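This is a predicted model, so every value here is computed, not measured. Quick note on labels: first sequence line is chain A, next is B, and so on, each numbered from 1. Atom set for the values below is all heavy atoms of this structure, side chains included, hydrogens, waters and symmetry mates excluded.
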Number of protein chains: 2
Amino acid sequence: MNKKTTIYDIAREAGVSTATVTRVVRKDPHVKEATRLKVQQVIDAHAYSPSISAQNLEGGRSRTLAIVLPVISNLYFNRIFDAAWWEAEKNGCSLRLFQTMENQAISPEIVSELIRCRMDGVLFAGSIWSEDRGDLNTALEKLGKYMPVATICPPDVSLDCICIQSDLVNCSRLPVRHLHTLGHRRIAFLGGSMHSKDTSRRGVGFLEQLRMMDLPDDPAYHVDAGYDMESGERAVLRMLSGLDRNRWPTAIVTFNDLVALGVMKQLKKMGLTLPEDMAIIGCDNQFFCAYTDPALTSVDLHPEEMAQSAVRELLLARESSSRSFAMVREATLIVRESCGVHLGFRKL
Amino acid sequence: MNKKTTIYDIAREAGVSTATVTRVVRKDPHVKEATRLKVQQVIDAHAYSPSISAQNLEGGRSRTLAIVLPVISNLYFNRIFDAAWWEAEKNGCSLRLFQTMENQAISPEIVSELIRCRMDGVLFAGSIWSEDRGDLNTALEKLGKYMPVATICPPDVSLDCICIQSDLVNCSRLPVRHLHTLGHRRIAFLGGSMHSKDTSRRGVGFLEQLRMMDLPDDPAYHVDAGYDMESGERAVLRMLSGLDRNRWPTAIVTFNDLVALGVMKQLKKMGLTLPEDMAIIGCDNQFFCAYTDPALTSVDLHPEEMAQSAVRELLLARESSSRSFAMVREATLIVRESCGVHLGFRKL
DNA sequence: ATTATTTTTGTTATCGGTAACATTTTTCTT
DNA sequence: AAGAAAAATGTTACCGATAACAAAAATAAT
């Protein structure tokens, strides 16, 4: 295993001082062309490039951003991470991942690791199902003393930080309005913990929207479902089997596209035809939405754009100390086939 | 923005030398209990923890592994990354991502960055559609001089490194055998570049398997498809529209599950009923396979396990300099509904 | 009580770069 | 050609932690 060549090796071999080597590396114009050439030659010969640790130590920064999220294997967070990564890359920064698992708060270990590493900033991408907002705020507050902090979160976090959120009002309103236009009146919502106080803003917004449109908000239409396909299957089964057929909803809005996947599977298993017997709207507009049968209408929250903005703002915040920034990204309804519009469906 | 407390601050405030602080932090037993307590108190008061850069500089290592892959948003690589991340984490290491895009070779920039960072090891997860094996090998060879290297790749790379690969023989054999057992004789393969020399080992293995079983390997059954859903749609349309109905294959094996998704959509659009009119087998056993309609039979290559082993071996290789390790992970066929077995289908 | 041991603590060079400042060399004026 | 100004290069302290070694303090042995 080779030992890495250092600036001293280069300086010695080129017969100059380390300062000159640094100048050449940094493309400092105050170097005679002859020296520059000689030094560059030695540099090339050894494929020398300065040690990151040494640079970081001396400079006091790491040119690295941290992103803290529950799990990268979750498609939503995967998209956020990916977008953040490229944006960081574009600005000469690297991005280091920290996963919290379901445990949404940022553990003290992560906090101290972030400080230890002299991160240039943290992007916290929490999820809508977060609970321990107290712990989270404490952690973010502490981090804020050392580096710029940005959050892509539901709108609970009232911290002095770069705060980016989805437009959950529209995220709830769009599907309900769409279904209402199509003549649906009995609309169910599956996912999240509907009746828990501080979770599932999306569900709450959904309920408000129902009331605003004078639609029935029968509690039987709001089932606590999880966030994945299996939960979707179970939830829809639980909901429908507790209801007389004539009281069944005619449309189901799900917490996300995965739940929708489960719901669709279960409905087909029960012998229903989609979208004839039930309209479905998911959320997140995942890549597979166009390939379900029927193709799934979904709400796009544009996580990529949010991540991009977050990273951009974090990098700006490094320079200027004024770092308050807030943004709400509008949601978009992507209409496909799962409500039957393409067939001209309209409930009476 | 707080300045980070250093070991000097702690030493001064506790009235000891920095060496003692280090001892306390490192839980060195050669410290009087009274001093230990006093120092610990100051440490806690300031939430002090040693700077990573300084530690890395002094120690000459980074406790960081690098993973180089095409794109993290690709589900296959996402799974590899995720598994590698947790395995690294479990061993007190962090994992830094490098994305190469379609450009499969490791750019010189990435190579030098890896050396600059004194990575403890690199895991290269290439894809089956890699081309520039020459460049790649050069890069890996160079890296090998500085750190342990592991690859999760098709079996081209003949380098002195930790070499982990999928069992592409079985990956091709399993679906063909399965279909053969079900009575299929005209089996098509969609995906990869079938007739290119150095790509798509999977397709090549597939062809060999067909011949071994005395099944027709009509060139019309092997269409160059891409690696995503759109390509799948187009490819199957191209293949079938060029063929008399009675020469249509009765089963299609695809390069991966995404292609399968596209194929299924296109077939339905053409009015076929699945799995009655066409059997389909995908590859990768992605999460959505159980939720397509019909549920997609697929081959699992167990990327997670490969990633885990790779990381484990990389970490071992840090210590012992003997670092040759090879492993081939068997593939597994996950039977679902897309070949109709659950309905007792059997071609005659 | 004195010396020998052991335990605890401090001193200092080092890791690899950077940049302020000092010094030397070159070029330009007059 | 002498002195001033500009350009090129070198010296050195510092970033924050670590560990080998030295030194001091505490304990044990005689």
Touch check for [X], heavy atoms < 4.0 angstrom, all strands: base, sugar-phosphate only, or nothing?
X: A/Thr22; answer: base
X: A/Val16; answer: sugar-phosphate
X: A/Arg36; answer: nothing
X: A/Arg118; answer: sugar-phosphate
X: A/Gln55; answer: sugar-phosphate

Check the distance between [N]'s [atom2] and [X]'s [atom1] and give it to me in whole angstrom.
X: B/Ile10; N: D/dG16; atom1: CD1; atom2: C1'; answer: 12 Å
X: A/Glu33; N: C/dT27; atom1: CD; atom2: C1'; answer: 18 Å
X: B/His46; N: D/dG16; atom1: NE2; atom2: P; answer: 14 Å
X: A/Asp28; N: D/dT9; atom1: CG; atom2: P; answer: 11 Å
X: B/Asp9; N: D/dC15; atom1: CG; atom2: C1'; answer: 13 Å
X: A/Ile115; N: D/dG16; atom1: CD1; atom2: C1'; answer: 16 Å
X: B/Asn56; N: C/dG17; atom1: CG; atom2: P; answer: 14 Å
X: A/Arg61; N: C/dT18; atom1: CZ; atom2: P; answer: 11 Å

Any side-chain N or O of [X] below 4.0 angstrom from OP1/OP2 of [N]?
X: B/Tyr8; N: D/dT18; answer: no
X: A/Thr20; N: D/dG10; answer: yes
X: A/Arg26; N: C/dA19; answer: yes
X: A/Ser17; N: D/dG10; answer: yes

*State plainly whether the residues A/Glu13 and A/Lys38 are in salt-bridge range, i.e. N to O under 4.0 Å.*
no
*asked:* Nearest to the B/His30 side chain among C/dT8, C/dG17, D/dT18, which nucleotide is it?
replied: C/dT8
*Between C/dA19, D/dT18, C/dG10, which nucleotide has the shortest distance from any of its atoms to the side chain of A/Ala19?*
C/dA19
*Is there a donor in the side chain of A/Thr64 and an acceptor in the side chain of A/Ser94, or the other way round, less than 3.5 Å apart?*
yes
_Option passing side-chain contact (heavy atoms from CB on, under 4.5 Å) with B/Phe325 (candidates B/Leu316, B/Leu314, B/Ile162)_ = B/Ile162
_Among B/Arg26, B/Arg23, B/Gln40, side-chain contact (heavy atoms from CB on, under 4.5 Å) partner for B/Val31_ = B/Arg23
*Contact nearer the 5' end of DNA chain C, comparing B/Ala54 with B/Thr35*: B/Thr35
*In this structure, which one of A/Arg96, A/Arg318, A/Arg63 forms a salt bridge (Lys or Arg N to Asp or Glu O under 4.0 Å) with A/Asp120?*
A/Arg318
*With nearest nucleotides of DNA chain D determined for A/Thr18 and A/Leu57 from heavy-atom distances, which residue corresponds to the more 5′ nucleotide?*
A/Thr18
_How long is the straight-line distance from CD1 of A/Ile106 back to CG of A/Asp135, given to the nearest 0.5 Å?_
10.5 Å
*Is there a donor and acceptor pair closer than 3.5 Å between the side chain of A/Arg23 and the base of D/dG10?*
yes
